[in-house]
Amino acid sequence: MWFSGITSRPSFSLGGFMNKVRVRFAPSPTGYLHIGGVRTAIFNYLFARRYGGTFVLRIEDTDRERSNKDAVDQIIDSMRWLDLDFDEGPIFQSERSDLYQAQINKLLDEGKAYKCTCTAEELDAKRKKAEAEKRNYTYDGTCRDLDPSRDLGTTLFTIRFRNPRVAPDSFKDLILGRIPIDKNKLDDWILVRSDGSPTYNFCVVVDDADMGISHVIRGNDHVDNTPKQIQLYQALDLPVPEFAHMPLTHGPDGSKLSKRREQEYREQGISVSVQEYRNMGYLPHALVNYLTRLGWSHGDQEIFSRKELTELFSLEHVGRSSGIMNPDKLKWLNAQYLKESDDADLADLLVPFLAELGIETTADQRLQKIVHPLKERAKTLPEMAQMSKYFFVAPESYEAKGIKKWWKATAAESVRRVRDQLDDLNLDDETALEEAFRKLADELTDGKLGKVAQPIRLALTGVTFSPSLFTIIAILGREESQRRLDRALATIGKE
RNA sequence: GGCCCCAUCGUCUAGCGGUUAGGACACCGGCCUCUCACGUCGGUAACAGGGGUUCAAGUCCCCUUGGGGUCACCA
């Protein structure tokens, strides 16, 4: 049994599609890749991998006005960044007009579609009138029963679907359960525009059928399109795929993510645009992990490797309510991935972020050493770059509160002693360094290592928090460390 | 407004009739400690409301409320 009640959800089964799962991601190239779009791409990708199926990328560019090549590149680039490799495509709808034409002719020949000469203005007026009268607007069928062989001359016309006015009572959704179909909304919708271009709902059906798509996994905003698409499948005598409508993604305030509020989002650490996450210093796999987990779950687990994701993902555990982007959790996840990252990889990734701070460097050994203690402290790459600043430039000023607390006159002695001891110590031996510091503490500060360390930390970094002092000294080197200590000595206890 | 969908801590969620309602982020404390962070231990915090069904309801049904989606010659 697929379902046991009207609102219960069906249990998932591959049914007749065993071993031939084919899914697709079908964005329209009208701008950068939307974060909500990525989520549907991820779910499709994961679904394909999970069931050994095929993931295809189709570009929905039937609207020539708004589509552009640049957007296509951005979409593919973003998918590559996220490691969402597709098996087929990109397939461009704009290049498949013959296919659409053939299906249109078939419908026309069979009387399942007809030419309509109503103008956009007329239609608009009727729609407004219906609205004013608080009526539901559907096409009134003015051209429905006219003689198909009448001579239209040069009159522009659209091609409409001759709605058979019969449809199932409901359709099955793998995520939502059973969705009722409202017969009152079934009308003669437009298949081909007056400029000859096919419409979305028509192309989707023809394409999905032609490409052998077994499961249509898409956003919730398409549920109302599904009935009319099912009717078309039936009119075309094509097999109807399975449908799965996933919940949408919302902003922190609970409303739909809108491009207009991008500025606001950025300040909170999120964005509508995928590529912006790269700029904000998020790791692609952390983003994918986050987006997947937003709306899907596997018990209490939060962190999933790509392998786990492709082995565990299933539609049954996709939630039905929309999710709100939570920057804090995204950052936390990112931090988890950062922590587990390879030093060399991180060094590579960090270079451009350092450049943004005016620090030109390469991902050399030294940078790898710097990155190592920082990766468990930073949540994002820019944050890490910021933290590593003092490894490249000596502090120009010192934290005021730190000066007050740690640079009392008595601190001068320990700073001076450390400065001198650096002459004889092997800086690469952090335990030896620590030992020396501890001895000093025993002697000067009653064994309190912090009292020795903090003044020096301030002198070396300009701030009162950092990774281990010994690590810092090792990375800075003898000369630079002593220079910074000398400079500090000039001011300690002087006020 | 019509139609459709949704509803457990602030957020993401576990829960598929019997639980002290669990986990994660965030927040607050303790521990660890050269500071910060990591880590670790603990704490605050939820079943939207009302009716049913049932021996028993967060779990099933209905209504209300709230949120969302959609109503194009856009996709």
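Below, chain A is the first sequence line, B the second, and so on; all start at residue 1. All figures in this text were calculated on a predicted structure; none of them were measured in a lab.
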Short side-chain N/O contact to B/C73 OP1/OP2 from A/Arg127, under 4.0 Å: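 Result: yes.
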Contact under 4.0 Å: A/Arg135 side-chain N or O vs B/G2 OP1/OP2: no
Near-strand residues of residues 435-452 of chain A, defined as heavy-atom separation under 4.0 angstrom from RNA chain B: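 Contacting residues: A/Arg438, A/Leu449, A/Gly450.
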Kindly indicate whether the side chain of [X] and the base of [N] share any N or O donor-acceptor pair separated by less than 3.5 Å?
X	N	result
A/Ser322	B/C6	no
A/Asn184	B/G2	no
A/Glu131	B/G1	no
A/Arg320	B/C6	no
A/Ser194	B/C73	yes

Using atom names, set out every protein N or O paired with an N or O of nucleotides 26-32 of chain B below 3.5 Å, distance rounded to 0.1 Å.
none

Which residues satisfy the ring pair (Phe, Tyr, Trp, His ring centres under 6.0 Å) test with [X], sequence neighbours excluded?
X	answer
A/Tyr100	none
A/Tyr32	none
A/Phe25	none

Heavy atoms from other residues, nucleotides or ligands near NZ of A/Lys401 exceed 12 (cutoff 6.0 Å): no
Closest to side chain of [X], choosing from [options]:
X	options	answer
A/Asp224	B/U70, B/U35, B/A75	B/U70
A/Ile324	B/U11, B/G1, B/C34	B/U11
A/Asp221	B/A75, B/U70, B/U13	B/U70
A/Leu294	B/C34, B/C12, B/A37	B/C12

Residue pairs, two or more places apart or on separate chains, that pass side-chain hydrogen bond (donor to acceptor under 3.5 Å, both in side chains) and touch residues 442-464 of chain A: A/Glu399-A/Thr464, A/Arg417-A/Glu443, A/Gln454-A/Arg457, A/Arg457-A/Ser466
Rounded distance (Å) that lies between atom P of B/C3 and atom NE2 of A/His222: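 From A/His222 NE2 to B/C3 P: 23 Å.
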For a quick test of your reading: what N or O donor-acceptor pairs under 3.5 Å do the side chains of residues 382-391 of chain A make, sequence neighbours left out?
{"from": "A/Glu383", "atom 1": "OE2", "to": "A/Lys379", "atom 2": "N", "distance (Å)": "3.0"}
{"from": "A/Ser388", "atom 1": "OG", "to": "A/Met384", "atom 2": "O", "distance (Å)": "3.4"}
{"from": "A/Ser388", "atom 1": "OG", "to": "A/Ala385", "atom 2": "O", "distance (Å)": "2.8"}

A/Thr62 and A/Thr199, any side-chain heavy atoms less than 4.5 Å apart: no
Pairing partner (Watson-Crick or G-U wobble, both distances under 3.5 angstrom) of B/A21: none
Pair A/Arg24 + A/Asp207: basic N to acidic O under 4.0 Å: no
Test salt bridge (charged side-chain N to carboxylate O under 4.0 Å, His left out) applied to A/Lys369 - qualifying residues, sequence neighbours left out: none
Listed partners of A/Arg144 passing salt bridge (charged side-chain N to carboxylate O under 4.0 Å, His left out), at least two apart: A/Asp188
Ring-face cation contact, A/Tyr139 with A/Arg160, 6.0 Å cut, 45° max: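 That pair qualifies as a cation-pi contact.
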Closest-nucleotide 5' rank along RNA chain B - winner of A/Glu60 and A/Gln336: A/Gln336
Could you list all N or O pairs between the protein and nucleotides 43-50 of chain B that sit under 3.5 Å apart?
none

For nucleotides 14-18 of chain B, list the nitrogen or oxygen atoms of the protein found under 3.5 Å from its nitrogen or oxygen atoms, one pair per line.
{"from": "B/A14", "atom 1": "OP1", "to": "A/Ser297", "atom 2": "OG", "distance (Å)": "3.0"}

Residue pairs, two or more places apart or on separate chains, that pass salt bridge (charged side-chain N to carboxylate O under 4.0 Å, His left out) and touch residues 116-126 of chain A: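 Qualifying pairs, neighbours excluded: A/Asp124-A/Arg127, A/Asp124-A/Lys128, A/Lys126-A/Asp140.
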